[in-house]
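Okay, structure first, notes after.
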Amino acid sequence: MLSRVANSLYWMSRYVERAENTARLVDVNLQLMLDASKLDDKAIAGYWAPILQSSGDDEFFDKLYPKVTGRNVTEFLVFQADNSNSILSSITQARENARTVRDQITAELWEELNRLYLFLNSPKARSMWRQSPFEFFQEIRSSSLLLQGLTDATVVRNEGWSFAQAGRYIERADKTSRLLDVRHASLAPGYTTTQTDALGWSAVLRSCSAWDGYKALHGGQVEPKLVAEYLLLSEDFPRSVRFCVQQLNTSLRRISGVAEGRFSNDAERLCGRLHAELQFSTAEEILARGLHDYIDELQGKLNAIGEALFQTYILQHFALQQEDEIRQQEEQQQQ
Amino acid sequence: MVATSPSSSAAKTEAGHGIFKPYETKAYFDEMLASDGSIRPHYQRFLEHFSDLKPEEFEAKRHAVDMAFLRQGITFNVYGDAQGTERVFPFDLMPRIIPSAEWEHLEKGLIQRITALNMFLHDIYHEQHILKDGTIPAHYVLSAKHFRREFVNFEVPKNIYIHICGTDIIRDAKGQYLVLEDNGRCPSGVSYVLENRRALKRTYSDNFEAMGVRSVEHYPTELHKLLEYVAPAGVSEPNVVLLTPGAYNSAYFEHTYLARQMGIEIVEGRDLLVRDQRVYMRTTKGLRQVHVIYRRIDDDFLDPTVFRKDSALGVPGLVGAYRAGNVSLANSIGTGVADDKVIYYFVPKMIKYYLGEDPIIPNVPTYLANEEADRKYIVEHINELVVKAANEAGGYGMLMGPHSTAAECDEFRKRVLAEPRNYIAQPVVSLSRHPTYCDSQFGGRHIDLRPFILYGEKPVIIPGGLTRVALRAGSLVVNSSQGGGSKDSWVLHGDK
């Protein structure tokens with residue numbers, strides 16, 4: 001498989017996953033605000049500020065908008081073309097990557113992604129977003145899930161598929177941790193949980209589609225520690241960080257053919273190590289360290305894996321180019 | 001032949017039914033309507049079915065096809081548009097129909113032409129008999145912009161220069177087929193032939209098989225066979241790739257489409273590198289050798305160490321690998337000389353010279369500005385002629401005399417006199433017209449035809465080709481950049 005193609009497939013599915021998670025994040029906050037008792041400017045800003053912080057783009061937001069309002073934040077996260085992480089930008093980049101590997105993906109997959117792109121760029125999308133945001137975010141989520149289903153149902157399980165899987169799961173691990181991070185303040189030692197917090201924690205669960213799974217395991221009582229444990233360490237919930245890292249690990253090993261427990265490059269080494277850490281960690285340990293710090297470090301580790309993957313499979317083959325040019329010019333001098 | 005003014009002839013037509021209503025053919029040759037207004041025999045079967053459609057059904061079908069094209073991303077990029085706008089190539093649901101006997105004539109003519117062109121290219125890059133004999137004045141070939149003297153005496157694989165050719169064919173007021181130009185470098189448009197057919201099959205799914213249309217589906221298979229055929233000697237399972245300029249090229253959809261249909265990799269210049277005169281592609285598993293490149297970039301950009309130094313699209317060392325016989329290119333380097341509009345003038349002579357035959361499909365009458373008598377004629381009659389630069393394409397560098405101002409004519413007169421080698425002139429041919437749906441009704445619109453010729457072990461032409469149509473009433477320009485659209489072209493198994 002061409003390195004450029006592998007890179008494009010990886011980013012195509014990463015961007016789709018990113019758009020879906022942004023939709024989840026915004027949607028859940030909108031729902032949460034329906035339950036709020038009083039909503040003055042300060043309360044509204046209090047709802048949205050953590051969302052912006054978790055996206056890591058809060059400073060950029062402040063440059064573009066005068067005030068933290070629901071309208072401004074959702075506009076920023078959904079349609080703002082200058083925000084490279086907005087849903088519109090993510091889907092545009094996913095499609096751009098898909099376009100350059102049009103021959104590698106199935107027609108069904110391409111058509112759905114293209115449809116989503118055309119929808120987001122149509123006037124219909126903005127009017128739907130204004131009139132019925134729930135319907136709008138449902139549309140994004142459905143489309144993303146449809147894309148994943150199509151990938152599973154139509155794409156040949158070759159190397160390209162493994163790169164796409166790697167992109168999907170590394171992004172999802174990162175985003176699940178960010179969704180959790182939104183509520184980290186109420187898990188600080190010595191903090192007493194309030195009624196509003198309970199609502200906030202169930203919103204986090206719903207935003208990860210984890211509500212049903214959590215309930216089946218722990219009943220209806222939403223306990224922050226258990227939520228954090230479920231989203232970070234669950235072995236079988238498909239959006240937990242541990243599950244995603246395990247899938248990422250499997251994908252990396254499918255690409256190289258190296259067995260579990262061994263490694264042939266840095267991406268495998270770092271990913272295998274992180275997976276082991278997650279396997280043998282407890283929620284108590286994590287909370288004792290501080291959830292926010294833990295998540296910060298986790299994101300750093302995921303970034304390192306992504307970087308190593310790029311170095312191993314994509315970049316090294318391109319780095320050769322310059323060397324070759326020099327070599328060729330040298331050869332010409334001899335003639 | 002001089003400029004034809006569309007004087008009204010008395011072609012009053014019989015009352016139509018359903019959505020198609022016949023119109024006056026005027027002085028033009030109409031593909032469907034005879035001059036007495038009757039329907040030509042090869043359109044009757046289609047029209048019987050078609051006439052049953054109600055206007056709203058037809059509109060629904062049109063909408064469905066447009067949406068399908070947009071959804072599938074069958075679009076071309078509009079250059080110079082900051083929004084990166086992609087447009088759907090307008091498509092007309094009424095097919096252009098060619099009866100079997102006419103197609104056989106065209107097919108023979110096209111094969112004759114490509115055979116002669118390949119013999120010509122071999123000749124001018126070797127012994128140059130045709131130049132030494134004076135059949136073609138040597139200076140015309142040697143001064144051609146795309147003549148690559150570096151490749152004189154170079155043996156191209158299987159001695160084929162033009163593997164894939166798109167020849168533009170038009171019909172004049174009498175209905176005679178004429179060759180307008182040959183595209184022997186990187187002709188595009190074949191993906192539309194295949195997608196247009198798929199669209200019409202869906203649109204007329206109830207009775208498509210009853211129409212007796214010859215299939216075009218085998219094009220990618222034939223192309224793949226051809227590419228494998230020209231692989232370097234001794235390579236049993238050649239790695240064939242398609243080299244694209246990239247996702248921002250207006251034909252990018254076509255590149256991915258063909259690569260996917262053939263099951264080959266589509267690569268950009270930066271995916272390839274040359275070592276020890278062999279071409280490799282960079283894969284996640286290291287380097288893998290490439291044996292055949294179906295290149296969709298021009299000679300000039302292929303290799304910055306040989307041609308344009310500023311080319312970022314090419315592969316340094318590619319030409320060296322090609323010379324060493326380690327990689328084959330389709331089309332070969334240096335075929336552009338046959339696209340030169342001055343050389344076009346000599347194609348009928350080539351056919352006579354190499355094959356001893358008369359051309360089956362004639363050229364459009366052409367005046368060479370470099371010849372004194374012709375130049376005098378061009379300068380005096382410039383407002384009746386189409387003047388073309390010898391090496392431009394896509395409707396650029398062209399003057400349509402009858403539609404131009406005196407100042408524009410003067411400007412071209414000056415250019416012709418300053419650089420006579422680079423200009424030719426032709427009478428305005430009133431291209432044939434075809435019923436086309438525009439502004440909620442059918443009207444006659446001018447069309448041309450670009451068949452795609454594959455020249456491998458034996459020549460193969462898929463029946464039909466791309467019919468381009470000028471959607472603006474009265475316009476003779478069919479290019480997509482200038483308001484052109486396309487039609488599906490049906491070649492029938494029989495003559496009705």
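On a predicted model such as this, the values are computed, not experimentally measured, just so you know. Note on naming: letters A, B, ... go to the chains in the order of the sequence lines (proteins, then strands), and numbering restarts at 1 for each one.
With a threshold of 4.5 angstrom between heavy atoms, A:E112 does not approach chain B through any atom at all. Within the 4.5 angstrom heavy-atom criterion, only backbone atoms of B:I264 (N, CA, C, O) approach chain A. Contacts between A:L118 and chain B at a heavy-atom distance below 4.5 Å involve the side chain alone, from C-beta outward. No part of B:Q261 comes within reach of chain A, as not one of its non-hydrogen atoms sits under 4.5 angstrom from that chain. Only the backbone of A:I105 has a heavy atom closer than 4.5 Å to any heavy atom of chain B.
Electrostatic pairing of B:R62 and B:E59 counts as a salt bridge here, judged by a charged N lying under 4.0 Å from a carboxylate O. With salt bridges taken as basic N to acidic carboxylate O contacts below 4.0 Å, none links B:D488 and B:R198. Comment: B:E217 engages B:K201 in a salt bridge, judged by a side-chain N to carboxylate O separation of less than 4.0 angstrom.
Checking A:N21 against A:R172 by side-chain atom types alone, no donor-acceptor pair falls below 3.5 Å.
In the displayed structure, A:R262 atom CZ is contacted under 6.0 Å by at most 12 heavy atoms of other residues, nucleotides or ligands.
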